[in-house]
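Just so it is clear: chains get the letters A, B, ... in the order the sequence lines come, proteins before strands, and each one is counted from 1.
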Amino acid sequence: MTTHATAHHDDHHDDKPHGFLHRWVYSTNHKDIGTLYLIFAFIMVCVGAAFSGVIRTELMKPGLQFVQPYFFNEMTTMHGLVMIFGAIMPSFVGLANWMIPMMIGAPDMALPRMNNWSFWILPFAFFLLLSTLFIPGGAPAGGWTMYPPLSIQGGDSVALMVFSIHLMGISSIMGAINIIATILNMRAPGMDLLKMPVFVWSWLITAFLLIAVMPVLAGAVTMLLTDRYFGTSFFNAAGGGDPVMYQHIFWFFGHPEVYIMILPAFGIISEIVPTFSRKPLFGYQAMVYALASIAFLSFIVWGHHMFTVGMPLGGELYFMYATMLIAIPTGVKVFNWVSTMWGGSMTFEAPMLWAIAFIVLFTIGGFSGVMLALVPADFQYQDTYFVVAHFHYVLVTGALFAIIGAIYYWWPKWTGRMYNETWAKVHFWWSAVFVNVLFFPQHFLGLAGMPRRIPDYNVAFADWNLVSTIGAYGMYLTPFMFFFILWHSKKHGAPAAARAWEGAHGLEWTVPSPAPFHTFSTPPVIHDEDLAHGDVSH
Amino acid sequence: MKAAGSMQGKLGLGVALTAVAGAAHALAEPWQLNMTPGVTQTSREVYDLHMWGLYVCIAIGVVVFGAMIVAMVKFRKSKGAVPATWSHNTVAETIWTIVPILILVALAWPATNIMIKMAYTEQSDMTVKITGYQWKWGYDYLNVGEKPYHVHFISRIDPRSDRTRELRSGQDPWAVKDKDYQGVERNTYLLDVDHPLVLPTDTKIRFVVTGDDVIHAWWVPQLGWKQDAIPGIINDDWTSIHEPGIYRGQCAELCGQDHGFMPIVVKAVPKAEFTKWLDEQEALATKADAPAASPTAAPSAP
Ligand code: HEM
Ligand SMILES: [Cu+2]
Ligand SMILES: [Cu+2]
């Protein structure tokens, strides 16, 4: 395997296309497309954060100081849509693009031209969505869940939002098809399914979830569109329709969707923790089966978002029991990560710090999830800040922390340069402190009785809201820190070795850093010690 | 809900958090950390279940995070730790699959019991219909026992809160105060209405809940539940309030621009007082017009 021999050569022999248009707009290279996805996601994180800035600033103290309630609702809606579909999902697709071919010894994605499309649809989708801020009637204001009848009361933003979601769906589905085709067809000889890195597994399963549920979302929003413009009554009670049916359809998409946003994170953590523990992943097969069972269960628990719509007792009991079951495979994953650390020889570079924070804080989100599954308690929690705290723990300190950890982890492979460890630690500790200042008090607010999605509140909620807003302001510095650290590394970082981390295993570490424009043009010969998890066939 | 209740008693851990929550304050307290135990049997059972769930999570957290901390202290490279090579342990894996199942059963069991009780809306003493409008609540007293009633009114945010909450109103939210049931002044900003829903104590009251335009949710934390108010659908719930008092809540489902400004106030009074009040309202409603009572006919406070 070529490693150090080629590690320091420059890119002249990579025959990258020249010129911005050819290199980036016409790109069919998985690495460049991965980069595009990640840059796009970074921009969207900043946009979504700006929206949340409006929210948290208005909520800093009681009384309306800055925005009208309707605009506040536009902000919560856009914040949710942009963060979920613009930030978290594209980041994971970007990581998939960069890493999956290198991890399975493939030269590129199976369908490179479609890959180009999957990405380049996204800017158009978000152009449509964000343009609603400037049209008469304003942006959608019915919440990211778009419950009718409210969601179709607004102006023409409904139509733009629906088209934008259609585009995002097409993008996701094409991306998912590509990932499945790549993983199933392009593995190097000897890379059996059960020898694949867990990150690859997590994406294989996620891709199936995407293909299964994005069309469901497209169907639901199309029904909103026809209810709004073409006189149908799918969700209109006056015309014989049923508003609750929308919620069933939406959450049949929505719950798998939340796992779409966390399974790849599980994969990332399963790569990082063994590397910095210098010990093979504990229970590799259990990890894979846990992923698969979580994915399966995610299809049959959607009703837990709807405990207060008045389902029959039997339905509520079923959804409670089914939801609680998810805690079991999720618990297996957490226990296995901890067991991987146990008996290891740990160091705490930035990727590991983010991974450890993920395990702790995601688990806290899982705890509140289990509490939310208890129907009578959920009658109190539902639609309060307790739920807001829950999903920010799983999505920000879960999904987003894993993404940041992954970027630190693979950055040396992408750029050939190390980042500054001290600054990265500052970035980490700053984020770890402020994210908890931001979100932990929201548990208290919800329990004390503060509903979600309100622009103003009774003075009893003032103190914790102020604390939360201070946490948010702290968090707003972190994208700048991250950007600066990466920029500095790209310009001045120390050169990275092919195996940038002492304990790293997996095919991606057998190619030079930075990874050449084309890797594995001929399939690698796989040695067991190169595999992320050694020989797991026993 | 014996299981959760006695668990809590046995563990004896509830003290600190319960103290913060306050025994039965009708309003949230500044810096409040925890859920209110409320003023009904149901709300207390819900609270106990919540605490039981919380303790279970804390206990698991102590074990898992404790193990992580020990690992991070003991197995550091800087302390010369040599990595082990094992990656399986069937016994451990079996244990941490089985034990969580048992824990979940211990949670699901009391939850199921409470759900069954909460779903039983029959044998109620009276019925009130709740309708969500953008952005106010409509209340109809349908019957007490066998006797039908025609009392109907609309309940809106109190004008003082409504003025104060205008964008840059220049008015102070802290100045919006009202006397609570015991006569103590308390801040009621955004939690006060013109006409409260008057209910009797110690009476099984059945609610039928629906929405007129979009989906709302009727929620008074002290009663222990919320219920979506959905156009075209009628949901039912019940409560039985033990302590007279004024209990405040809010719409809990995003319903448009004034979603944050459609509070709910329940005034629970002793039965005799309630009957007197209701009969007065009934007289007003039936006298005011034979065919159709004015929908905004304002009830006088009891
Ligand atoms: C142990 C696992 C989990 C359980 C038992 C669980 C349970 C629940 C329940 C019951 C709700 C509904 C709460 C309500 O609206 O009253 C909920 C909401 C939510 N959960 Fe989880 N959850 C778990 C993990 C996750 C994960 C991993 C994610 C995402 C990465 C997630 C994201 C969300 C989101 C986004 C919502 C709120 C959606 C909305 O109403 O806007 N959850 N969860
Ligand atoms: Cu869910
Ligand atoms: Cu409402």
Subject >> Pick from B/Gly249, B/Pro231, B/Ser43 with the largest number of heavy-atom pairs that fall under 4.5 Å of chain A >> reply: B/Pro231
**OP:** Can you tell which part of B/Met118 gets under 4.5 Å to a heavy atom of chain A, answering side chain, backbone, both or neither?
**Re:** side chain
**OP:** Select, from A/Gly503, A/Ala237, A/Pro149, the one with the greatest count of heavy-atom pairs under 4.5 Å involving chain B.
**Re:** A/Pro149
Original post:
For B/Ala119, is it the side chain, the backbone, both, or neither that has a heavy atom closer than 4.5 Å to a heavy atom of chain A?
Top reply: side chain
Subject >> Close side-chain approach of B/Leu33 to A/Leu447, heavy-atom, < 4.5 Å >> reply: no
**OP:** Counting only heavy atoms closer than 4.5 Å, note whether A/Glu74 contacts chain B via side chain, backbone, both or neither.
**Re:** neither
**OP:** Could you tell me which of B/Asp237, B/Val56, B/Ile215 has the largest number of non-hydrogen atom pairs under 4.5 Å with chain A?
**Re:** B/Ile215
Subject >> Interatomic distance, A/Gln285 atom CD to B/Ser87 atom OG [nearest 0.5 angstrom] >> reply: 10.0 Å
Subject >> Which of A/Val309, A/Val338, A/Leu325, A/Leu445 touches chain B most, by non-hydrogen pairs under 4.5 Å >> reply: A/Val309
Original post:
At a heavy-atom separation under 4.5 Å, does A/Pro148 approach chain B through its side chain, its backbone, both, or neither?
Top reply: backbone
Subject >> Leading residue by heavy atom contact count with chain A [cutoff under 4.5 Å; candidates B/Gly260, B/Gly232, B/Pro30] >> reply: B/Pro30
Subject >> Side chain proximity check, A/Tyr147 to B/Val214, heavy atoms < 4.5 angstrom >> reply: no
**OP:** Kindly compute the distance separating SG (B/Cys255) from CD (A/Gln153), expressed to the nearest 0.5 Å.
**Re:** 9.0 Å
Subject >> Contact winner vs chain A - B/Pro100, B/Gly80, B/Cys251, B/Ala108, heavy-atom pairs under 4.5 Å >> reply: B/Ala108
**OP:** Could you tell me which of B/Thr97, B/Ile233, B/Ile230 has the largest number of non-hydrogen atom pairs under 4.5 Å with chain A?
**Re:** B/Ile230
**OP:** Count the heavy-atom pairs under 4.5 Å between each of A/Leu313, A/Ile454, A/Leu150, A/Thr347 and chain B, then report the option with the highest count.
**Re:** A/Leu150
Subject >> Shortest non-hydrogen contact between A/Ser277 and B/Pro83, atoms and distance >> reply: O-CB, 4.2 Å
Subject >> Verdict with supporting geometry, B/Lys77 and A/Phe276, side chain to side chain contact (heavy atoms under 4.5 Å, CB included) >> reply: CA-CA 9 Å; B/Lys77 194 182 174 210; A/Phe276 296 95; over 6 Å; no
Subject >> A/Asn236 portion near chain B, given a 4.5 angstrom heavy-atom threshold >> reply: neither
Original post:
For A/Met341, is it the side chain, the backbone, both or neither that has a heavy atom under 4.5 Å from a heavy atom of chain B?
Top reply: both
Original post:
If you round to the nearest 0.5 Å, how far is CZ of A/Phe444 from CG of B/Asn34?
Top reply: 9.0 Å
**OP:** Give the minimum heavy-atom separation between A/Met324 and B/Leu104, together with the two atoms involved.
**Re:** O-CD1, 3.2 Å
**OP:** For A/Pro69 and B/Arg165, work out which heavy atoms get closest and say how close.
**Re:** CG-NH1, 4.2 Å
Original post:
Considering only heavy atoms, which portion of A/Ala462 lies under 4.5 Å from any heavy atom of chain B: side chain, backbone, both, or neither?
Top reply: side chain
Original post:
So what's closer than 4.5 Å to chain A heavy atoms on B/Ile116: side chain, backbone, both or neither?
Top reply: both
Original post:
From A/Glu316 CD over to B/Thr112 OG1, what is the distance, rounded to the nearest 0.5 angstrom?
Top reply: 11.5 Å
**OP:** Measure up the B/Trp96 and A/Phe335 rings against each other and bin them: parallel (under 30°), tilted (30 to 60°), perpendicular (over 60°).
**Re:** tilted
**OP:** Please report the closest heavy-atom contact between B/Val46 and A/Pro376, naming both atoms and the distance.
**Re:** CG1-O, 3.5 Å
Original post:
Between B/Asn235 and chain A, which part of the residue has a heavy atom less than 4.5 Å away: side chain, backbone, both or neither?
Top reply: side chain
Subject >> Per-residue contact mode, A/Asp463 against chain B (heavy atom under 4.5 angstrom) >> reply: both
Original post:
Tell me, side chain or backbone of B/Glu253 under 4.5 Å from chain A's heavy atoms, or both, or neither?
Top reply: both
Original post:
Non-hydrogen atoms of chain A under 4.5 Å away: do they reach the side chain of B/Ile60, the backbone, both or neither?
Top reply: both
Subject >> Toward chain A, the part of B/Trp219 with a non-hydrogen atom under 4.5 Å >> reply: side chain
Subject >> Contact class of A/Ser339 relative to chain B, heavy atoms under 4.5 angstrom >> reply: both
**OP:** Using modelled atom types only, decide if a donor and an acceptor are shared between the side chain of A/Gln380 and the backbone of B/Pro221 within a distance under 3.5 Å.
**Re:** yes
Original post:
Has the side chain of B/Lys226 got a donor or acceptor atom that lies under 3.5 Å from a matching backbone atom of A/Gln382?
Top reply: yes
Original post:
Taking the side chain from B/Arg76 and the backbone from A/Met346, do they hold a donor-acceptor pair closer than 3.5 Å?
Top reply: no
**OP:** Would you check if B/Phe65 and A/Thr363 make a side-chain contact, meaning some heavy-atom pair closer than 4.5 Å?
**Re:** yes
Original post:
B/Thr188 and A/Asn458: which non-hydrogen atoms are nearest, and at how many Å?
Top reply: C-ND2, 3.6 Å
Subject >> For B/His259 against A/Arg452, the heavy-atom pair lying closest together >> reply: NE2-O, 3.6 Å
Original post:
Side chain, backbone, both or neither: which part of B/Glu166 has an atom under 4.5 Å from a heavy atom of chain A?
Top reply: backbone
Original post:
By a 4.5 Å heavy-atom criterion (distance strictly below it), what part of B/Gln250 contacts chain A: side chain, backbone, both, or neither?
Top reply: side chain
**OP:** Select one option (side chain, backbone, both, neither) describing which atoms of A/Pro455 are under 4.5 Å from chain B's heavy atoms.
**Re:** side chain
Subject >> Which portion of B/Thr164 sits near chain A, non-hydrogen atoms under 4.5 angstrom >> reply: neither
Subject >> Distance (rounded to the nearest 0.5 Å) between A/Leu372 CG and B/His50 NE2 >> reply: 11.0 Å
**OP:** Quick one: which of A/Pro451, A/Pro243, A/Gly343, A/Gly241 has the most heavy-atom pairs under 4.5 Å with chain B, could you say?
**Re:** A/Gly343
**OP:** Mind ranking B/Gly53, B/Ala81, B/Cys57 by heavy-atom pairs under 4.5 Å with chain A and telling me who comes out on top?
**Re:** B/Cys57
Original post:
With side chains defined as the heavy atoms from C-beta onward, is the minimum distance between B/Pro173 and A/Tyr457 less than 4.5 Å?
Top reply: no
Subject >> Rounded distance (nearest 0.5 Å) linking atom CG of A/Asn73 with atom CG of B/Leu254 >> reply: 5.0 Å
Original post:
Top residue by heavy-atom pair count (under 4.5 Å) with chain B, among A/Asn336, A/Thr76, A/Val334?
Top reply: A/Asn336
Original post:
In terms of heavy-atom proximity below 4.5 Å to chain A, should B/Leu167 be classed as side chain, backbone, both, or neither?
Top reply: both
Original post:
According to the interplanar angle, ranging from 0 to 90°, do the rings of A/Trp464 and B/Trp31 count as parallel (below 30°), tilted (30 to 60°) or perpendicular (above 60°)?
Top reply: perpendicular
**OP:** Measure the shortest side-chain to side-chain distance between B/Trp86 and A/Trp342 over non-hydrogen atoms and say whether it is less than 4.5 angstrom.
**Re:** yes
